[in-house]
Amino acid sequence: MNITEQQLLDLEADINDILAEDCVSIHFTFHAAFERLNDPRNSPSITLNELGNVFQAFIQAHLHTILDYAEGTCFVLKCNKSHLHFPCAISHDRQLGKLWVIQNVITVMRKKNFKSPDHFLTIN
């Protein structure tokens with residue numbers, strides 16, 4: 001079952017509500033949200049619940065790690081359990097006088113042996 005645009009926007013908003021106290025937000029790029037999330041090469045299909053679980057685990061394990069990342073830092077969020085990989089890039093934004101860290105999810109894929117020159121932040 002495909003994840004709809006509204007479901008993804010709602011999930012992104014829920015995650016951002018949690019991240020707001022640390023001046024962090026997440027943003028799924030067009031490519032991640034509309035070209036790769038529901039791609040049939042992700043077998044089995046990625047579920048909304050699975051996405052939520054991965055990002056909850058990421059927040060618990062790695063949120064404070066990305067707070068110190070410089071603008072343009074790239075990394076891959078990797079879930080060993082689901083074999084989901086999320087190449088990401090950090091950008092910064094100033095909102096209400098505070099510096100915010102924006103985690104831009106560039107793409108998403110389920111691939112057991114994904115390789116990247118960027119470093120991995122792994123969750124189980």
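As the structure is a computational prediction, the values presented were derived from the model and not from experiment.
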Next item on the list: Check whether the side chains of Asn104 and Ser91 place a donor and an acceptor atom closer than 3.5 Å, and report yes or no.
Entry: yes

Next item on the list: Name all residues meeting the side chain to side chain contact (heavy atoms under 4.5 Å, CB included) criterion together with Glu21; count only those two or more places apart in sequence or in a different chain, and write none if there are none.
Entry: none

Next item on the list: Show the numbers, then the answer: is there a side chain to side chain contact (heavy atoms under 4.5 Å, CB included) between Leu121 and Ile66?
Entry: CA-CA 10 Å; Leu121 296 178; Ile66 70 165; 3.9 Å; yes

Check: Taking the six-membered ring for Trp, are Phe55 and Phe28 ring centroids under 6.0 Å apart?
Finding: yes

Which pair of non-hydrogen atoms, one from [X] and one from [Y], has the smallest distance, and what is that distance?
| X | Y | answer |
| --- | --- | --- |
| Arg110 | Asn42 | N-OD1, 2.9 Å |
| Leu37 | Leu8 | CD2-CD2, 4.0 Å |
| Asp118 | Phe75 | CB-CA, 4.0 Å |
| Asn124 | Lys81 | C-CB, 3.9 Å |

Note to self: Side chains of Thr107 and His85, heavy atoms from C-beta outward: is any pair under 4.5 Å?
What the structure shows: no

Check: Are side-chain heavy atoms of Phe114 and His83 found at a separation under 4.5 Å?
Finding: no

Item checked: Set of ring pair (Phe, Tyr, Trp, His ring centres under 6.0 Å) partners for His119, sequence neighbours left out -> Tyr69

Note to self: Checking Glu12 now: which residues fulfil salt bridge (charged side-chain N to carboxylate O under 4.0 Å, His left out) with it, not counting sequence neighbours?
What the structure shows: none

Next item on the list: Please state whether the rings of Phe34 and Phe30 are parallel, tilted or perpendicular, taking 30° and 60° as the class boundaries.
Entry: tilted

